[in-house]
Structures are given as structure tokens and as C-alpha cells.
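One structure is given below, encoded as C-alpha cells.
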Amino acid sequence: MSDERRKIMRVLSGETLTPPPLWLMRQAGRYLPEYRETRARAGSFLDLCYTPDHAVEVTMQPIRRYGFDAAILFSDILVIPDALKRNVRFTEGHGPQMDPIDEAGILALKPDGAIAYLEPVMETVRRLRRDLPDETTLLGFCGAPWTVATYMIAGHGTPDQAPARLFAYRHPKAFEHLLMLLADISADYLVAQIDAGADAVQIFDSWAGVLGEREFDAFAVTPVARMIASVKARRPQARIIAFAKGAGYLLKNYRRKTGADAIGLDWSVPLAFAVELQKDGPVQGNLDPMRVVAGGKALEDGIDDILQQLGNGPLIFNLGHGITPQADPANVARLVERVRGWRK
Ligand code: CP3
């Protein structure tokens, strides 16, 4: 059926398209006045995530405005700890907060019922697939176990995830139990999103960059490989993008070791290295979000470098991390126009 028309699905199967298809991480968000308007009406951030009317609306907003090739489900990676009853809340100006978990708390975690609790998310996915243009890929997502665990252990965001790194050294058994529990529930969650209509899914390991070599293997590669094997065993057609932000040289074997179809690249990945990674399959990225804030020549040069160096292979054009609230929506329009106008 529609894989023929959905350009991102074609690239995920290894095709090179000119110009490359594009979407932007965090494309629904505070830089858009229409998002801020819906957000104010929704009440809390989690109400926005769990009310299909609102979640569908904010997912569609950037598609209407820019015609991106993919819509990404509007939700958050922290709905998993919320479904595990960790009292997650998003307070204005403080970012996410939840009850910090300890060894006893980890052993007491009960994943039963968590996927049923997330049924409003699946309803959002079903409605989106019905409402989106046929050519638009619908992406589901979840956080990688390591990144979700960092918030569960600290109880909030930190600059370097020191609390989770320390916990992992001090309590290796409990920590491994937490990662594996998160891997299994997250795999079930991705399967549910795929069954509800997601064409492909992305796994966000936003904090992979703070891990040493040995820990990257144990905390970032092993749990993500377990998730991908579990999803693909049940849904062999599933296409999966894995984004290990800040992993640098450790990305070298990441695709092969995890079984991901495509790998996301942050802006610190040198384009010559990205070309090497692209020889093994599709890559996604990697414009610095600050170039979208700056606009002008900074924006144009950044886009052109990526297109020139990665445009000859399977590429999904994207940012190297989420778009920030300061970005001017007019610069996003310029970005879309420049990528779409590119010819070899
Ligand atoms: O458009 C999209 O990309 C889909 C929606 C999406 C959100 N969060 C919405 C959101 C996605 C894919 C995420 C992923 C996410 N959430 C990650 C991984 C990607 C990344 O950015 O590193 C992480 C680490 C989180 C956790 C999280 N959620 C944080 C740290 C914050 C606060 C920081 C901030 O920007 O305020 C959130 C809140 C959040 N998630 C917002 C949005 C649009 C802003 C909240 C608001 O509108 O008040």
C-alpha cells in the first residue's frame, strides 16, 4: 500500500531520494504560537499528552504549516515512568519531576496494566493515521531504557546524569533489573503503537553521550538491542530509528549491534564519519538546532553541508536534537524550502 508514497519509509528501506525527505525532532512545540495556544487550553502537559483531541491537534500543526514528510506522535518519553506510577509531573520552568526511585522501589515496580494505562496514546495514533495525508509517515516513539532510567533515578533532569551513573556503579543488579524491565515494557509499548497505525518508531537515547565505553555497551546497546529484537520478532515489518545522542565514535557499530534500520546523528558527528555510517544504511540528522535560531547564512551553510555530504546516500534530513522554543517559525519555513529545492 502506502510505503510507495511515504518517502521516509522508502529511505528506511535503503533508498536514496533527491531531495531527501525531512521532519524535525520536537517539530510540535513551543516555537509555534498554535502549540502554545492548545497547550494553554489543555491544562497540564500530561493532560495534553493523554487527551487525544489535543494530542492529535498539536501533532498535525507542524504538518499543516510545513508539510513535513513525517508526523511524530505528540507524547513524551516520560509517560512510561508515569504508567509505572512514579508520580510524574511537569511544572512550569522546572522541567519534568518524579519521585526518585531506589533499589526497593525498582524491585517493587509492576509493569502490569501500564500499556492499558497508555491507551489514550494509542487512540491518538489511530486518529492520526486516519487524519494524516496518505503520503505522510507516522512515527511513534519511546525513550531508550538508559535515558528513561536517568530521570527515574534522579527524579528530574540533570546536566550529566551523575545520579544514574553513580547508582549503576553502586547497585549493578538493581540497575540492570530496571533497564531490562524498561526495555520489555517499552518494546510492548512500541508494538502497541505500530498496531495502532505507526509506520515506524524512533528510540530516543538522549543521554547516551555521558556513558563510558563499557557502560555504553551495557546500558545503551544491550537494552536497545533487546527491544528491537523483541519488536521485530513480533512485527517483522517494523522500521526502527535509534538515536543515541552524543555517542560519537561509539556509533561505529551501533546499528549492527542494536539491529536498528536507521541511526540518528547529533550535530557533533563529523560529516565524514556520517558518510562512513551511511555506507551501512540510512542516517538521520544532523543540523545544529541553534542554526535554526540564528537563521541566515548559518542556517543555509549548515543545510548545504549536510545535503552535499550525505545527499548521495539514504538520508532523512533532520536536526541533531530537538528544535528549541526560541526558533523563529519563518526560519523553519526557509529550512524546508532549501531542503526541498536541493538538486545534486
Ligand atoms: O514533536 C515531537 O518531537 C514529539 C513530542 C516529543 C516531546 N518530547 C514533547 C515535549 C518528544 C519526541 C519528546 C521526547 C523527549 N522528552 C525526550 C527525548 C528527546 C530529547 O529532546 O532529548 C526527552 C529527554 C524528554 C523529557 C522531557 N520532556 C524534558 C526534559 C522536557 C522539558 C524540557 C522542555 O523542553 O521543556 C519535556 C517536556 C516536553 N516534551 C515539551 C514538549 C513539547 C515542552 C513542555 C511544554 O510544552 O510545556
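We count ligands from 1, going down the list as the structure has it; atoms in each ligand are counted the same way.
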Minimum-distance protein heavy atom relative to [atom]:
| atom | answer |
| --- | --- |
| atom 43 (C) of ligand 1 | Tyr35 OH, 3.5 Å |
| atom 26 (C) of ligand 1 | Asp76 OD2, 3.5 Å |
| atom 14 (C) of ligand 1 | Ile77 CG2, 3.7 Å |
| atom 39 (C) of ligand 1 | Phe45 CZ, 3.5 Å |
| atom 21 (O) of ligand 1 | His321 NE2, 3.1 Å |

Legend entry - Arg338 and Asp304 ion-paired at < 4.0 Å: yes
Inset, instruction - Give a yes or no on whether a salt bridge exists between Asp261 and Lys232, defined as a side-chain N under 4.0 angstrom from a carboxylate O. - result: yes
Inset, instruction - Would you tell me which option among Arg26, Arg30, Arg39, Gln61 has the nearest heavy-atom contact to atom 36 (O) of ligand 1? - result: Arg30
For residues [X] and [Y], establish whether the separation of their ring centroids is below 6.0 Å.
| X | Y | answer |
| --- | --- | --- |
| Phe167 | His171 | yes |
| Tyr169 | Phe175 | no |
| Tyr254 | Phe243 | no |

Legend entry - Crowding at CZ, Arg214 (>12 non-hydrogen neighbours, <6.0 Å): no
Keeping the roles fixed (side chain from [X], backbone from [Y]), state whether a donor-acceptor pair exists under 3.5 Å.
| X | Y | result |
| --- | --- | --- |
| Thr147 | Gly143 | no |
| Gln97 | Val88 | no |
| Gln27 | Leu24 | yes |
| Asp69 | Leu22 | yes |
| Tyr66 | Pro329 | yes |

What do you reckon, does [X] put a non-hydrogen atom under 4.0 Å from ligand 1?
| X | result |
| --- | --- |
| Leu73 | yes |
| Pro96 | yes |
| Tyr151 | yes |

For ligand 1, the portion of [X] having any non-hydrogen atom under 4.0 Å away:
| X | answer |
| --- | --- |
| Phe141 | side chain |
| Gln202 | neither |
| Leu48 | neither |
| Glu92 | neither |
| Ser75 | backbone |
| Lys245 | neither |

Inset, instruction - State whether a side-chain donor-acceptor pair under 3.5 Å links Tyr117 with Asp82. - result: yes
Ligand 1 N/O within reach of [X] N/O, cut-off under 3.5 Å:
| X | value |
| --- | --- |
| Trp23 | no |
| Ala28 | yes |
| Thr147 | no |

Legend entry - Shortest non-hydrogen contact between Leu299 and Val292, atoms and distance: CD1-CA, 4.0 Å
With atoms numbered from 1 as shown, which atoms in ligand 1 lie under 4.0 angstrom from a non-hydrogen atom of [X]?
| X | result |
| --- | --- |
| Ser206 | 18 (C), 19 (C), 20 (C), 22 (O) |
| Phe90 | 28 (N), 37 (C), 38 (C) |
| Gln27 | 1 (O), 2 (C), 3 (O) |
| Phe74 | 5 (C), 9 (C), 43 (C) |

